[in-house]
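Structure first, commentary second.
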Amino acid sequence: MLEQKFNQTQIIMPKYLIERNIPGIGQPSERDIQAIAVKSNRVLGEMGPEIQWQHSYVSDDKLYCLYIATNESLVRQHAEKGDFPLNNIYPVKGTIDPTTGED
């Protein structure tokens, strides 16, 4: 049996945590949240695979969104094209969780 080996190159894109100030976002209707997601997905589809939305956390007056993108400029372009607020961008340097403290 002939075994083929492939040299796989994995491209790791930087992650960015986005802070969006949206007063009252913690009390939206399901339709409002769906409309935001649909709009974001549409813009992302137009921009291509160099930027991906992972998920968002909703608090009373803010969204915290995690994106993977080849550069910060793409995150800013997404906000502009979608007319989304963008108050801060934080490049993610790493992650920790409860297992980080284990021996």
Side-chain angles (χ1 to χ4, degrees):
M1 176 183 232
L2 182 60
E3 187 176 314
Q4 292 182 332
K5 294 185 179 182
F6 295 95
N7 184 6
Q8 296 180 343
T9 302
Q10 184 178 9
I11 298 172
I12 299 174
M13 292 195 296
K15 292 182 181 179
Y16 299 93
L17 183 64
I18 313 308
E19 180 181 20
R20 303 184 194 284
N21 294 338
I22 305 174
I25 190 65
Q27 302 300 320
S29 69
E30 189 173 320
R31 178 178 278 162
D32 292 338
I33 289 292
Q34 184 180 24
I36 291 169
V38 166
K39 186 176 186 181
S40 180
N41 288 338
R42 180 184 50 77
V43 172
L44 289 168
E46 293 169 1
M47 293 181 70
E50 291 83 21
I51 180 169
Q52 301 167 21
W53 172 34
Q54 297 296 291
H55 59 268
S56 296
Y57 296 100
V58 181
S59 67
D60 288 335
D61 295 316
K62 294 184 184 221
L63 279 179
Y64 296 93
C65 307
L66 184 64
Y67 282 81
I68 297 174
T70 54
N71 59 62
E72 187 175 311
S73 176
L74 288 173
V75 176
R76 292 185 184 283
Q77 287 175 32
H78 174 263
E80 289 173 20
K81 290 180 179 193
D83 197 29
F84 301 120
L86 193 156
N87 299 93
N88 289 299
I89 298 178
Y90 305 101
V92 175
K93 302 296 183 184
T95 59
I96 61 172
D97 62 31
T99 63
T100 306
E102 296 175 356
D103 289 330

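Bear in mind the structure is a predicted one, so any value in this text is a computation, not a measurement.
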Partners meeting salt bridge (Lys or Arg N to Asp or Glu O under 4.0 Å) with Glu46 (sequence neighbours left out):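 So Glu46 forms a salt bridge (Lys or Arg N to Asp or Glu O under 4.0 Å) with Arg42.
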Side chain to side chain contact (heavy atoms under 4.5 Å, CB included) partners of Asp83, counting only residues at least two apart: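 Asp83 satisfies side chain to side chain contact (heavy atoms under 4.5 Å, CB included) with Lys39 only.
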Under the side-chain hydrogen bond (donor to acceptor under 3.5 Å, both in side chains) rule, collect the residues that match up with [X], sequence neighbours excluded.
X	value
Thr99	Asp97
Thr95	none
Gln52	none
Asp61	none

In a table with atom names and distances, give each donor-acceptor pair under 3.5 Å that connects a side chain of residues 13-24 to protein atoms at least two apart or in another chain.
residue: Tyr16; atom: OH; partner: Glu72; partner atom: N; Å: 3.3
residue: Glu19; atom: OE1; partner: Asn88; partner atom: ND2; Å: 2.6
residue: Glu19; atom: OE1; partner: Tyr90; partner atom: OH; Å: 3.1
residue: Glu19; atom: OE2; partner: Lys62; partner atom: NZ; Å: 2.5
residue: Arg20; atom: NH1; partner: Pro85; partner atom: O; Å: 2.7
residue: Arg20; atom: NH2; partner: Tyr67; partner atom: OH; Å: 3.3
residue: Asn21; atom: OD1; partner: Lys62; partner atom: NZ; Å: 3.2

Hey, what do you get for [atom1] ([X]) to [atom2] ([Y]), rounding to the nearest 0.5 Å?
X	Y	atom1	atom2	value
Ile89	Arg76	CD1	CZ	4.0 Å
Asp32	Gln27	CG	CD	11.5 Å
Ile36	Ile25	CD1	CD1	4.0 Å

Kindly check if the number of other-residue, nucleotide or ligand heavy atoms within 6.0 Å of CD (Gln54) is above 12?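 Atom CD in Gln54 is crowded, with more than 12 foreign heavy atoms closer than 6.0 Å.
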Taking Leu74 as the starting point, is it possible to reach Trp53 by hopping between hydrophobic residues whose side chains are less than 4.5 Å apart?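 Shared cluster, yes.
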Let me check something: do Leu63 and Tyr57 share a hydrophobic cluster, defined by ILVMFWY side-chain heavy atoms less than 4.5 Å apart, either directly or through other members?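 Each belongs to a different hydrophobic cluster.
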If you link I, L, V, M, F, W and Y whenever their side-chain heavy atoms are under 4.5 Å apart, who else ends up in the same group as Ile96?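 Members other than Ile96 - counting any ILVMFWY side chain reachable under 4.5 Å - there are none.
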